[in-house]
Q: 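Mind looking over this structure? Questions follow.
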Amino acid sequence: MSDGDLAASDQPALPVGDDALPRPWLRTDAGAVMEAYQDPAIQRWYVRRADSVQEAGEWIGQWQRSWSEETGAHRALVHAGSGTLLGRVALKSLSLADGKAEVAYWTVPAARGGGLCSRAVQALTCWALGRGGFHRIELEHSTANEASCRVAVKAGFEEEGVRRSAWLHADGRHDVHLHARLRQS
Ligand SMILES: CC(C)(COP(=O)(O)OP(=O)(O)OC[C@H]1O[C@@H](n2cnc3c(N)ncnc32)[C@H](O)[C@@H]1OP(=O)(O)O)[C@@H](O)C(=O)NCCC(=O)NCCS
């Protein structure tokens, strides 16, 4: 992949079902992001904490800039009718030279268990390995995070192994399960 190709292309349209809509992040989402990060599960599985609406707004600014800077692709998942924030799906740690990226995600508690996250991860990965031009998309989660492992498997990510003691969370060190999907040759 060449520098500039991604930024020059349209951001992906992701089919995730009738009830949810992926869209670019807006600064006005900061309050909902701050609220999402009050969820104990998000606090447990993410090292990062949003301690204020201003901090959440700064993250959104980074997520918005990431496409033109070719460092990421971040989408808000919102309810198609009400516009309520349901979750986040993203590509991060882009390496254009290698054609590699990582996928990241969360959903708010009220949106969980209906397959939204798996569909969003699947749609973003299909775009990345197709029109996006990437060769390999990685997905990592704590080995204790069984829901995240289900998302990985349902979205077609093969298991590749365990990185021991790789993440330091608030409750201590976690082994990390590595999954990946490759571009079909
Ligand atoms: C992980 C997460 C994104 C899943 O979102 P979701 O929208 O519920 O995902 P889906 O509905 O697509 O799939 C969830 C799967 O996990 C399963 N699951 C949920 N809780 C589980 C648990 N405690 N143990 C095992 N499986 C669990 C569900 O049954 C479902 O699998 P199934 O369809 O085979 O029944 C969501 O729980 C979340 O945001 N958690 C907190 C943040 C997080 O962990 N992010 C990932 C960090 S790597």
Side-chain angles (χ1 to χ4, degrees), residues 12 14-23 25 29-51 55-56 59-60 62-63 66 72-94 100-128 136-181:
L14 306 176
V16 297
D18 293 337
D19 291 344
L21 179 70
R23 65 151 167 76
W25 284 97
D29 292 323
V33 170
M34 165 74 185
E35 196 178 323
Y37 273 77
Q38 305 315 302
D39 168 46
I42 292 182
Q43 290 188 357
R44 181 169 185 211
W45 302 120
Y46 273 83
V47 178
R48 227 176 171 191
R49 295 186 64 120
D51 290 323
E55 189 176 5
W59 295 359
I60 290 172
Q62 291 165 8
W63 297 342
S66 67
H74 296 257
R75 308 300 273 178
L77 301 167
V78 300
H79 188 272
S82 66
T84 305
L85 183 66
L86 302 177
R88 166 184 179 240
V89 63
L91 289 178
K92 60 177 192 162
S93 306
L94 306 193
K100 290 196 303 190
E102 290 175 33
V103 68
Y105 44 83
W106 48 256
T107 51
V108 301
R112 289 178 192 157
L116 172 62
C117 189
S118 308
R119 290 194 300 276
V121 169
Q122 163 91 0
L124 183 58
T125 306
C126 284
W127 171 84
R136 174 182 164 92
I137 305 299
E138 296 185 347
L139 185 162
E140 290 188 326
H141 61 82
S142 163
T143 52
N145 191 345
E146 294 179 29
S148 192
C149 196
R150 280 297 302 149
V151 168
V153 170
K154 289 200 296 178
F157 282 75
E158 285 191 28
E159 301 175 10
E160 294 194 339
V162 173
R163 299 200 297 122
R164 294 172 300 158
S165 243
W167 286 351
L168 181 58
H169 283 218
D171 63 351
R173 295 199 180 274
H174 285 241
D175 289 350
V176 171
H177 206 174
L178 171 65
H179 300 244
R181 273 186 63 173

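Ligands are counted one by one from 1 in listed order, and the atoms in each one are counted from 1 as well.
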Q: With no hydrogens and no angle check, is any side-chain donor or acceptor of H141 less than 3.5 Å from a backbone partner on V176?
A: no

Q: I need the nearest protein heavy-atom contact for atom 5 (O) of ligand 1: residue, atom name and distance, please.
A: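 Answer for atom 5 (O) of ligand 1: T107 OG1, 3.1 Å.
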
Q: Which residue and atom name correspond to the protein heavy atom nearest atom 25 (C) of ligand 1, and how close is it?
A: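 The closest one turns out to be E146 CB, 3.3 Å.
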
Q: Short list, please: which atoms of ligand 1 are under 4.0 Å from a heavy atom of E140?
A: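 Counting atoms of ligand 1 from 1, those under 4.0 Å from E140 are 48 (S).
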
Q: Out of all atoms in ligand 1, which are within 4.0 Å of some heavy atom of G114? Include the element for each.
A: 11 (O)

Q: Any donor-acceptor pair under 3.5 Å linking the side chain of H79 with the backbone of G81?
A: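 Side chain of H79 to backbone of G81: a pair is present.
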
Q: Between H169 and W167, how do the two ring planes meet: parallel, tilted or perpendicular, split at 30° and 60°?
A: parallel

Q: Which of the atoms in ligand 1, numbered in the order shown and given with their element, are less than 4.0 Å from a heavy-atom of Y105?
A: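 Numbered from 1, ligand 1 contributes 3 (C), 45 (N), 46 (C).
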
Q: Is it true that, when you exclude E160 itself, more than 12 heavy atoms of the residues, nucleotides or ligands shown sit nearer than 6.0 Å to its CD?
A: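 More than 12 heavy atoms, drawn from other residues, nucleotides or ligands, come within 6.0 Å of this atom.
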
Q: Could you list the atoms of ligand 1 found under 4.0 angstrom from a heavy atom of S118?
A: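 Taking each heavy atom of S118 in turn, ligand 1 has 10 (P), 12 (O), 13 (O) under 4.0 Å.
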
Q: Can you check whether A41 has an N/O within less than 3.5 Å of an N/O in ligand 1?
A: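 No, since none of the N or O atoms of A41 sits under 3.5 Å from an N or O of ligand 1.
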
Q: With a 6.0 Å cut-off on the ring centroids, do W59 and Y37 count as close?
A: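 Yes - the distance between ring centres of W59 and Y37 falls below the 6.0 Å cut-off.
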
Q: Is a donor from one side chain sitting under 3.5 angstrom from an acceptor on the other, for S142 and H174?
A: yes

Q: Just to confirm my output: which protein heavy-atom neighbour is closest to atom 11 (O) of ligand 1, and how far is it?
A: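 It is G115 N, 2.7 Å.
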
Q: Indicate yes or no: does an N/O atom of N145 lie under 3.5 Å from an N/O atom of ligand 1?
A: yes

Q: Looking only at distances, can you tell me whether any N or O atom of D39, backbone or side chain, sits closer than 3.5 Å to an N or O atom of ligand 1?
A: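 Such a contact does not occur with ligand 1.
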
Q: With atom 15 (C) of ligand 1 as the reference point, say which of R112, R119, R150 has the nearest heavy atom.
A: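 The residue whose heavy atom sits nearest atom 15 (C) of ligand 1 is R150.
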
Q: Starting from atom 4 (C) of ligand 1, find the nearest protein heavy-atom neighbour and note its residue, name and distance.
A: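 For atom 4 (C) of ligand 1, the nearest protein heavy atom is V151 CG2, 3.7 Å.
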
Q: Nearest protein heavy-atom contact for atom 20 (N) of ligand 1: which residue, which atom, what distance?
A: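 It is A147 CB, 3.6 Å.
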
Q: Check this for me, if you would: do R119 and D19 make a salt bridge, where the nitrogen-to-carboxylate-oxygen distance has to be below 4.0 angstrom?
A: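 A salt bridge is absent here (no side-chain N lies under 4.0 Å from a carboxylate O).
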
Q: Protein heavy atom under 4.0 angstrom of atom 27 (C) of ligand 1, is there one?
A: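 Yes, because at least one protein heavy atom sits under 4.0 Å from atom 27 (C) of ligand 1.
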
Q: Which of the atoms of ligand 1 are close to G113, meaning less than 4.0 Å from one of its heavy atoms?
A: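 By the 4.0 Å cutoff, the relevant atoms are 6 (P), 8 (O), 11 (O).
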
Q: Regarding R181 and E138, does a basic nitrogen lie under 4.0 Å from an acidic carboxylate oxygen?
A: no

Q: Does E55 reach the main-chain N or O of D51 with its side chain, forming a donor-acceptor pair under 3.5 Å?
A: yes

Q: What's the spacing between L91 CG and I137 CD1 if we round to 0.5 Å?
A: 5.5 Å

Q: A cation-pi test, strictly: NZ or CZ of R88 under 6.0 Å from the centre of the six-membered ring of W25 and no more than 45 degrees from its axis. Yes or no?
A: no

Q: Give, for atom OG of S148 and atom OH of Y105, the distance between the pair rounded to the nearest 0.5 Å.
A: 2.5 Å

Q: Below 4.0 angstrom, counting only protein heavy atoms, does anything approach atom 35 (O) of ligand 1?
A: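 No, there is no protein heavy atom closer to it than 4.0 Å.
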
Q: How about atom 23 (N) of ligand 1: does it have a protein heavy atom within less than 4.0 Å?
A: no

Q: Given C117, C149, S148, which has its nearest heavy atom closest to atom 7 (O) of ligand 1?
A: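 The option holding the nearest heavy atom is C117.
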
Q: Can you tell me which residue and heavy atom of the protein come closest to atom 30 (C) of ligand 1, and the distance to 0.1 Å?
A: K154 NZ, 3.9 Å

Q: Test your reading of the structure: does Y46 have an N or O sitting under 3.5 Å from an N or O of ligand 1?
A: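 In fact, backbone or side chain, Y46 has no N or O that close.
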
